Structure formats: C-alpha cells, structure tokens
2 protein chains.
Amino acid sequence: MAKEKPSPRGRRRHHGDNRVTIDDVAKEAGVAPITVSRALNTPDKVSSKLRARVDQAVTSLGYVPNLIAGGLASAGTRVIPVVVPSLSILTFIEVVHGIQQTLEDAGYQVLLGSTDFDLDRETSLIDSVLGYSPSGVILTGLKHNDSTVQRLKTWGRPVVEIMELGLPCIDMNVGVDNPRAGACMAQHLLDRGYRRIAFLGVGMARDYRARQRFEGHREVLAAAGVESDLLFTSEEPSSYAAGRRVFLEALAARPDLDALHFANDNLAAGAILEANRQGIRMPDDIAMGSYLGLSLGEHLSPTLTTVSVPRFEMGVEAAKLLLERLEGRPPSQPRIDIGYRLIAREST
Amino acid sequence: MAKEKPSPRGRRRHHGDNRVTIDDVAKEAGVAPITVSRALNTPDKVSSKLRARVDQAVTSLGYVPNLIAGGLASAGTRVIPVVVPSLSILTFIEVVHGIQQTLEDAGYQVLLGSTDFDLDRETSLIDSVLGYSPSGVILTGLKHNDSTVQRLKTWGRPVVEIMELGLPCIDMNVGVDNPRAGACMAQHLLDRGYRRIAFLGVGMARDYRARQRFEGHREVLAAAGVESDLLFTSEEPSSYAAGRRVFLEALAARPDLDALHFANDNLAAGAILEANRQGIRMPDDIAMGSYLGLSLGEHLSPTLTTVSVPRFEMGVEAAKLLLERLEGRPPSQPRIDIGYRLIAREST
DNA sequence: CTGTTAGCGCGTTCAA
DNA sequence: TTGAACGCGCTAACAG
C-alpha cells in the first residue's frame, strides 16, 4: 500500500533488462511472489481464485519465468545433458531422438554433448554440464574415466548409461548385449551353412562395442570349429564408401569367403551396392549379414539380413527410466535389456 | 582471520548439497571470492601469483563452477538453444552437427529443441528456452509466429535463422535459396532433353521449403512451355518406402513421364532401388534427379543426379556468425547464402 | 492456503 | 590489482 519503502535497489539494477519478473506479476495480481511461483509450479496448492488472478496477470504481462533463477533457488534445472560419442553416426542420433522427444514431452530440455569417443573429453564435458545443475544425465557406454564415475555416483541424481549392457553401471542402464548380438549373427550364418565367415568393421579401435560384437562372433565360430579370427578393418569413419573398400579388400585377400558379417548396416549397404555393380550374386557368391536394422536394408537387392536394434525405443526407455526417478515413482528396474531381433532376409 | 562472524546461515542451508563453491576455493587460496571468479573468467586481470594459488585450490578441491549462479549474476549462460522441426530428418541432424561441433569448441552448449513443424510449439519452446538466458538462439526457417519474431527482435541477443534464405530475417540468416535450387534441377532436366517432368515429394503440406523448390521447378518448366504442374505427393514422413510408393503412383498415373524430380535424395533412393528391382532402366526409361547430396546417391546404380547442399557447413557457418557477434567481432555479414551444387550423375 | 524471510552461488559495481 | 557489498529472480523453509 505504501511505496516509500527505501527502494530495494540501493544501486542501479545490474542489467538494463526490462524483462517482467515474478514480482511484477505478483503486484499485478495483488499477491505475494511466492504465490505466483506456486500457482505456476504447483497449481493445486493455490486456491482457484488466486490461481486465476495469477494466470491472468501472467498472460497480460507476458511473463516468462527466469529458469536460471529458479534453478539456482531450487538447486536444479529441468535440463538433461545427453552425452554421445558422435553426432555423425546415425545410431546415436536415433537414440537421442527418442530421448529428446520423451523428455521434451515431459517438460525437460536436452543439452547435447559429444565426446568424439574421447573419455577425457567426456570427463570435462560432464564436469562442465553438471554446472548447470541438471535433473539427471544420460551418457553413452559403461566405460568412463574413474573420476567421471566417482563424480556421478556421489552426485545423487539419476544417471542412465545407454547403448550397452554390462555389470557395473553407475546408476541405471539401458542397452544391448553386444557380444550376444554378434554371436546371434554368427550363429545364423553357421545355421545357413556358411563356413568361411569374416567379420568386417571400421574404426574398431575406438568403437569397443563393435569389438564386443566381434568377440561374440568369434566365440561362436570357434565353438563350431571353423576359422574364427577372420577380421578386416580400417580406421576410417563408417560410411558406404568404407563398406565398399573393406568389402573389396576382404574379397581380394580371401576369395574363398562365403559369408561376411558387417559391423553395421551402412558398411553392408556399401558392399551390396558395390556387389550389384560388379555382378556379384548374393547370397550365392557370397552372403552378407550385419547389425542395426536400418530401413535401407529392406530396400536393397538383395534385402539385407541384419540384427535389428530398436534404437529410438532405447532412447525412449532411457528417458522414461530417468523420468520415473525424477517423478519419484518406484524405479521399476534399473537395467533394461532393449534386445535385438534377427531379421533374416535375402542376403543370407 | 576471525571465525566468530554470526554464521551467515540463519537457518540451515537450503540444500544438503555439499558441492564446493567459490567461497571454499577462496578460503583455500586465501583470497576473496571475487578474485577466484576473476582468476577463472578473466585471468589476465589477476596477478600471476594469485592466479596460481587459485588454480591450485581449484584443482585440489575439485571445484566446478555453478554455471547457474554465474548465469543469474551475469544475466547470461553459455547455452545456445537450437530449434529444428524434426530430429528424424537427416538434413537437420547434419546441420545441428555442424552447429554443435563449432559451438562446443568455443565453449558453448547446445540446447536441443524440436517443433515437429508446428509454429505454436516453436513459440512456446522459444519462450521457455529464453528462460535459460542463453547467449543466442538458432532456429529453423524464416516463418515464425509474430509473437516469436517480436520477442526475439526485442531480445537483444544474436539470433540466426537457418536452412532458407529470404528477405525479412530477425537478425542473421544462413541458408539456401530453395526456389533457385528447385529451378536448377528443373533446368538440368530440360537441358538433358526431358519434357514430361514430374515433381515428387512427401509431407509438403508442412515442409514449405520443399514447396518452394517445387515453385522454382514449376516456373522453369512453365517458362519452357512444357507441362509444369505435375506433382505427386503424399502426407507421410520422408523415407525410402515413401519414395517407392510415390514413384509407383506417378508411374501408374502417368506412364509417359520421362523424368522425375524428387524433393530429396531419400525419396529418390527408394525409387531407384525399386526401379532396380523392376528392371526399369535409368535414365533410358525414366530419369531421376533430386535434392540434398546424400552420400548414398553416389553408390546407387545408377548414381543419382542431385542438387547438393553443404548441410554440415551450413551449421558451421551459422554457429560462426553467432560466435562473431558474441565475441564482439565485426559482424561481417548478416546473411550467408550457403549455396548448392548440381551434381550430374548417371540417373539423368 | 497464503505470506514472510532468507538465501541459492555467483558477478557487477564501486571503492581502495 | 584486490576487495566489500549487494542483488540477479526465484523458491525452500518456516510461520500463520
């Protein structure tokens, strides 16, 4: 009622900002700022009468909450950093897509980070994004620097590790059993009667999940008593062109091969397209199987046999797990095996 | 020197958080908190002696700055929201990739948002992310709700609109001239001697940039005096399967067509793969051209003629423009035409 | 259900 | 070059 309060701003305000604040809304609605805050964040804790007054003031003034201030006061922002190795690999993108969609629908924002497969970059990235007081974190893989693991374990907020499955996880885990996925394709090739089977990959020095699939592959072949360590790789990024090259290399080195197990569909697609060009018949001359389940596979000639992984769904599940914890719901289970599915098509 | 200050915390601290703060570092280093702040943010304003003491305290305590608090105090966070229509469309992903890489290298974080091509969602998304006091914003396209445009124009921080080029932009603009790109392919088809040319797209109700390309295409054909409004579309997301379907539909409706102009490479790839299956010869039976420049195009048989757009580079340039302004450098130019390149291959 | 008070952890401003 | 004080805008905690 009185305005002769000694003007709380002893000095000029820091910033020329003239954004409307919660105080402005409170004044306009004739309530205390905290009531505005509650009307916005926990509407059922405010009488419908006041809530209406507040809502109106909010729209009439065009109030937009300062999430930074809210975050500082409540020690948490509705931000979820998502840390992946690379944005040039479709797999991660699709997972991020699932995460993003699920979180955005729940009112959270994704803060995107990429590490280029470098654990030290991962560490510093995580250190820095934790500075935003995020509600949780999603990161890729189960291998991290000790300091990262330590920091996240003592952090006290939900953490989900995605893509791969395995024992020691920081908090929660959604992924695929890579060795078994690799074994699955190897077994399929054996079942189809192939015996001279090679594994073809690229960038396997950094991509240890591909190495895990190769391991599964190798063990199955070894157990079957066939040559198990035929591996062709190159240290370039995965691409159609890379697939073509590794394919040609393998053919040149071992013309007797009867089946190829590619580390992913992109490589396999490059190989199939090249084989088409050269008139190599599949699976008669050589069979091809791979991993991922990209839609391109079903449009190639021959259609591609692959171990398909629900990547988008993996993102969705990871996000759901996080949300469960954030909303205080019973954390059903801290580990989800998202599974895979062998799709046998013409190429084998 | 004395510790009998009446303990600034009249009550318990809000949060059980035991994170180390700038005060802890200051105490450890025997300086004032502000000196720590300066040593970290503006190192040259602190004597090397104190700076060393601070740096050591920082590492020994494992101090990680609270970016939220810093953001509140300085009215700005090193966050850049990037708003795209969809994360399931490769084009946007590649642009985001370029943006992300460039910004992360400069110490900024990307906050990812997607609108599903809905301008109202865009508006509310932008309203909400502005609550994080970001340093700038990158958004897609030049069409937005008036309120969005208004808010961003008066916002006072750099804004970059990407993907398309045109006159009224909010602040800065990096993109492609879609009508000219469409015209370019149409002209190419004419030059090659084709005369019964159709445009095939999907989801063009929402994707007005594809409509713009069709417009450019139409005008060129009309000017050449050939049938110009042959358009086949369906309202489904872009995919290989969709390309196949629209292709078959067009063939069925107009068996006399001699060339197809696809709205993007994915559709064209789906069509080429289907044509391969059916023994349709390209370009003899029918020619195909499209837009994007995906690497898949050069591995198909026939290799695909396309208007290639440097998507990653577009992201890089958008980010650079933003950074220029953020770093107070002369804003070279507020609008960049990223260009396109006709890659004539076997399919035409 | 509503209001009061007191910070959240920093950087800006002003003074030395 | 260093420091003291203040407040960014909001919400947690504690009354009423």
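What's counted below: heavy atoms across the whole structure, side chains too, no hydrogens, waters or symmetry copies. This one's a predicted model, so the numbers in the text were calculated from it and none came from an experiment.
For Leu67(B), the side-chain contact (heavy atoms from CB on, under 4.5 Å) partners two or more places apart in sequence, or in a different chain, are Tyr132(A), Pro65(B). For Ile89(A), the side-chain contact (heavy atoms from CB on, under 4.5 Å) partners are Ser86(A), Thr91(A), Phe92(A), Phe117(A), not counting sequence neighbours.
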Fill in: Derivation and outcome, salt bridge (charged side-chain N to carboxylate O under 4.0 Å, His left out), residues Lys153(B) and Asp171(B)
CA-CA 7 Å; Lys153(B) 271 195 170 155; Asp171(B) 182 16; over 6 Å; no

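Regarding contacts with the backbone of dC10(C), every side-chain N or O of Ser74(B) stays at 4.0 angstrom or more from both OP1 and OP2. Contact annotation: Thr35(A) reaches the phosphate of dG3(C) (side-chain N/O to OP1 or OP2, under 4.0 Å). In terms of phosphate contacts, Ser37(B) brings a side-chain nitrogen or oxygen within less than 4.0 Å of OP1 or OP2 of dG11(C). The side chain of Thr21(B) contributes no N or O atom lying less than 4.0 Å from OP1 or OP2 of dC8(C).
Rounded to whole Å, atom C1' of dT2(D) lies 12 Å from atom CZ of Arg53(B). Following rounding to the nearest Å, Ile68(A) (CD1) and dC10(C) (P) show an atom-to-atom distance of 14 Å. The distance from atom CG of Leu67(B) to atom C1' of dG9(C) is 11 Å, rounded to the nearest whole Å. Distance Lys49(A) NZ to dC1(C) C1': 13 Å, rounded to the nearest Å. Between the CZ atom of Arg38(A) and the C1' atom of dC10(D) there is a distance of 13 Å, given to the nearest Å. Look at CG on Leu40(B): it is 10 Å from P on dC10(C), rounded to the nearest Å. The OH-P distance, from Tyr132(A) to dG9(C), rounds to 17 Å in whole Å. Remark: C1' of dG9(C) and NZ of Lys27(B) are 13 Å apart, rounded to the nearest angstrom.
Nearest to the side-chain atoms of Tyr63(A) among the listed nucleotides dC10(C), dC8(C), dC10(D) stands dC10(D). The side chain of Ala73(A) approaches dT11(D) more closely than any other nucleotide in the set dT11(D), dG9(C), dG3(D). Nearest to the side-chain atoms of Asn41(A) among the listed nucleotides dC10(D), dT11(D), dG3(C) stands dT11(D). Candidate nucleotides dG9(C), dC1(C), dT2(D) were compared by shortest atom distance to the side chain of Leu72(B), and dG9(C) ranks first.
In this structure, Asn41(A) contributes its side chain and Ser37(A) its backbone to a donor-acceptor pair below 3.5 Å.
If you find the closest nucleotide of DNA chain D to Ala69(B) and to Ala32(B), the one lying nearer the 5' end belongs to Ala32(B).
In Asp146(A), the CG atom is not crowded: 12 or fewer heavy atoms of neighbouring residues, nucleotides or ligands sit closer than 6.0 Å.
Note on Leu50(B): only backbone sugar-phosphate atoms sit closer than 4.0 angstrom, heavy atoms only; bases stay farther off. As judged by a 4.0 angstrom heavy-atom cut-off over every strand, Ile34(B) is placed among the base-contacting residues.
In this structure the side chain of Val174(B) reaches within 4.5 angstrom of the side chain of Leu321(B), judged on heavy atoms. For the pair Val82(B) and Leu111(B), the minimum side-chain heavy-atom distance is 4.5 Å or more.
Where the helix from dC1(C)-dG16(D) to dA16(C)-dT1(D) starts and where it ends, the local axes point in directions that differ by 20°; five pairs per end, rounded to 10°.
Remark: Glu161(B) does not engage Lys143(B) in a salt bridge, criterion side-chain N to carboxylate O under 4.0 Å.
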